[in-house]
Amino acid sequence: MLTAPARRSIPDSAETVTHVSALVGAGWPDKAIRAQLRARRWQRVGRAVVRHNGPLTRDEHIRIALINQGPRAVTTAFTAAEQFGLTGW
């Protein structure tokens, strides 16, 4: 369950898992990002920033792994098939 301040800090259209540089590119000042993390409204997992303070979903875990592994990272095998909508295998 997200706290009210954490919920307000995430626009409806925003990715919940991102990289600090993407936030800065979207206009977030470094100081504001640090304030969100320090207030524990957001979580830092390696190089990824999770823009809520609740439990992580499977998709968020995958996105965190991709961010932390770098720009050439991809999902493969069953995870990739699942992300492309394959079911019943």
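Just so you know, these numbers come straight off a predicted model, no measurement behind them.
Side-chain N or O atoms of R51 include none that pairs as donor or acceptor with a backbone N or O of W42 at under 3.5 Å. A donor-acceptor contact shorter than 3.5 Å is absent between the side chain of Q69 and the backbone of V74. Side-chain atoms of R44 come within 3.5 Å of backbone N or O of G46 as a donor-acceptor pair.
A single hydrophobic cluster is not seen to contain both L66 and V17; linkage of ILVMFWY side chains at heavy-atom distances under 4.5 Å, directly or through other members, places them apart. Hydrophobic cluster membership is shared by V45 and I67, with clusters built from Ile, Leu, Val, Met, Phe, Trp and Tyr side chains linked at under 4.5 angstrom.
Taken from CD1 in I64 to NE2 in H19, the straight-line distance is 12.5 Å, to the nearest 0.5 Å. Atom CG of N53 sits about 9.5 Å away from atom CZ of R41, to the nearest 0.5 Å. Summarising the geometry, atom CG belonging to L56 is positioned 12.0 Å from atom CD1 belonging to I62; distances are rounded to the nearest 0.5 Å. Put simply, OG1 on T79 and NE2 on H61 are 13.0 Å apart, with the number rounded to the nearest 0.5 Å. In this structure, CD on E82 lies 7.0 Å from CG on D59, to the nearest 0.5 angstrom. The distance from atom CD of E60 to atom NE2 of H52, rounded to the nearest 0.5 Å, is 3.5 Å.
You'll find the side chain of V20 stays beyond 4.5 Å of the side chain of R34, heavy atoms only.
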